[in-house]
Amino acid sequence: MISVKKILEDKPISVVFSVPPTATVIETLHLMAEKNIGAVVVLENENLVGIFSERDYARKGIIQGRKAKSTPISEVMTPKVFTVSCDMSIQECMQLFSQKKIRHLPVVENDRVVGVLSIGDIVNSIMFEQKVHIQFLEQYITQS
């Protein structure tokens with residue numbers, strides 16, 4: 001079974017993009033657009049205090065009439081963040097994604113955010129694992 005650690009090692013970008021709680025929504029959206037990411041962690045003195053996603057902006061920002069240029073991210077972020085550790089499996093991540101109806105999971109080790117997994121990262125890992133299994137079975141069948 002694939003671990004969170006393995007997925008992080010295989011990600012093409014290993015940088016954790018973050019903003020402080022005082023960052024404005026527009027600054028955060030610019031970062032997300034520039035880096036082509038769907039969520040950023042909100043860190044205060046390297047401590048995880050929230051996560052902000054495109055969904056947060058849609059539901060808590062624009063629909064409620066908040067101005068992106070003047071609203072601090074702390075007003076629209078999700079403060080209760082579900083996290084995973086490096087030794088967890090992709091099945092455990094899938095359960096969290098499904099049960100909590102979330103799309104991003106910060107990876108925390110020794111009280112530090114070391115990565116962020118998206119549901120797409122998990123799906124890609126599962127697809128790769130299945131491809132490897134299929135290739136193995138095809139080789140086994142053709143050699144028999």
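This chain uses plain numbering: 1 for the first residue, then up along the sequence. The figures that follow rest on heavy atoms only: side chains count, while hydrogens, waters and symmetry mates do not.
- Nearest heavy atoms, Ile73 versus Val19: CG2-CG2, 4.2 Å.
- Lys35 meets the salt bridge (Lys or Arg N to Asp or Glu O under 4.0 Å) test with no other residue; sequence neighbours excluded.
- Other residues, nucleotides and ligands contribute at most 12 non-hydrogen atoms within 6.0 Å of the CG atom of Asn36.
- The side-chain heavy atoms of Thr71 and Thr24, taken from C-beta on, include no pair separated by under 4.5 Å.
- Note: Ile37 CD1 to Phe17 CZ = 5.5 Å, rounded to the nearest 0.5 Å.
- Counted by atom type alone, Ser98 and Gln95 present zero donor-acceptor pairs between their side chains at under 3.5 Å.
- Considering CE of Met32 and OH of Tyr57, their distance stands at 11.0 Å, rounded to 0.5 Å.
- Applying the salt bridge (charged side-chain N to carboxylate O under 4.0 Å, His left out) definition to pairs two or more places apart or across chains, those involving residues 51-64 are Asp56-Lys60.
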Show me the donor-acceptor pairs, under 3.5 Å and distance only, between side chains in residues 107-127 and residues at least two apart or in other chains.
unit_1: Glu109; atom_1: OE2; unit_2: Cys86; atom_2: N; d: 2.7
unit_1: Ser118; atom_1: OG; unit_2: Gly120; atom_2: N; d: 3.3
unit_1: Ser118; atom_1: OG; unit_2: Asp121; atom_2: N; d: 3.1
unit_1: Ser118; atom_1: OG; unit_2: Asp121; atom_2: OD2; d: 3.4
unit_1: Asp121; atom_1: OD2; unit_2: Lys11; atom_2: NZ; d: 2.9
unit_1: Asp121; atom_1: OD2; unit_2: Ser118; atom_2: N; d: 2.9
unit_1: Asn124; atom_1: ND2; unit_2: Gly120; atom_2: O; d: 3.3
unit_1: Ser125; atom_1: OG; unit_2: Asp121; atom_2: O; d: 3.1

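- Partners of Glu75 according to the salt bridge (Lys or Arg N to Asp or Glu O under 4.0 Å) rule, which considers only residues two or more places apart in sequence or in another chain, are Arg66.
- At least one side-chain heavy atom of Leu43 sits under 4.5 Å from a side-chain heavy atom of Leu48.
- Around atom CD of Glu46, no more than 12 heavy atoms belonging to other residues, nucleotides or ligands sit under 6.0 Å away.
- Shown here are the side-chain hydrogen bond (donor to acceptor under 3.5 Å, both in side chains) partners of Glu92, two or more places apart in sequence or in another chain: Ser89.
- In this structure, Lys100 has no side-chain hydrogen bond (donor to acceptor under 3.5 Å, both in side chains) partners at least two apart in sequence or on a different chain.
- Side-chain contact between His104 and Ile51 is present, with at least one heavy-atom pair separated by less than 4.5 Å.
- Cluster partners of Ile26: none. The rule joins Ile, Leu, Val, Met, Phe, Trp and Tyr whenever side-chain heavy atoms lie under 4.5 Å apart, and it links nothing here.
- Take Val132 and apply the side-chain contact (heavy atoms from CB on, under 4.5 Å) test, not counting sequence neighbours, and it matches Phe128.
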Could you walk me through whether Thr83 and Leu105 satisfy the side-chain contact (heavy atoms from CB on, under 4.5 Å) test, starting with their C-alpha distance in whole Å, then the side-chain angles of each, then the deciding distance to 0.1 Å, before giving a yes or no?
CA-CA 5 Å; Thr83 64; Leu105 283 168; over 6 Å; no
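- By the side-chain hydrogen bond (donor to acceptor under 3.5 Å, both in side chains) test, Asn45 pairs with no residue at all, sequence neighbours left out.
- Shown here are the side-chain hydrogen bond (donor to acceptor under 3.5 Å, both in side chains) partners of Thr22, two or more places apart in sequence or in another chain: there are none.
- For the atom pair CD of Glu129 and CD1 of Ile134, the computed distance is 11.0 Å after rounding to the nearest 0.5 Å.
- Transitive grouping of hydrophobic side chains (ILVMFWY, heavy atoms separated by less than 4.5 Å) keeps Phe52 and Val81 in distinct clusters.
- In this structure, Gly50 and Met77 approach most closely via the heavy-atom pair CA-SD, 3.9 Å.
- Between Ile90 and Val4, the closest side-chain pair of non-hydrogen atoms is not below 4.5 Å.
- Cluster partners of Leu137, using a side-chain heavy-atom cutoff of under 4.5 Å among ILVMFWY residues and allowing indirect links, are Phe136.
- Residues Val42 and Ser74 are not in side-chain contact: their nearest non-hydrogen atoms beyond the backbone lie 4.5 Å or more apart.
- Using a 4.5 Å heavy-atom cutoff, the side chains of Phe97 and Gln99 are not in contact.
- Here the straight-line distance linking atom CD of Gln91 with atom OG of Ser3 works out to 11.0 Å at 0.5 Å rounding.
- Connection of Leu29 to Val41 is not established within any shared hydrophobic cluster, with ILVMFWY side chains joined at heavy-atom distances below 4.5 Å, either directly or through further cluster members.
- Lys5 meets the salt bridge (Lys or Arg N to Asp or Glu O under 4.0 Å) test with no other residue; sequence neighbours excluded.
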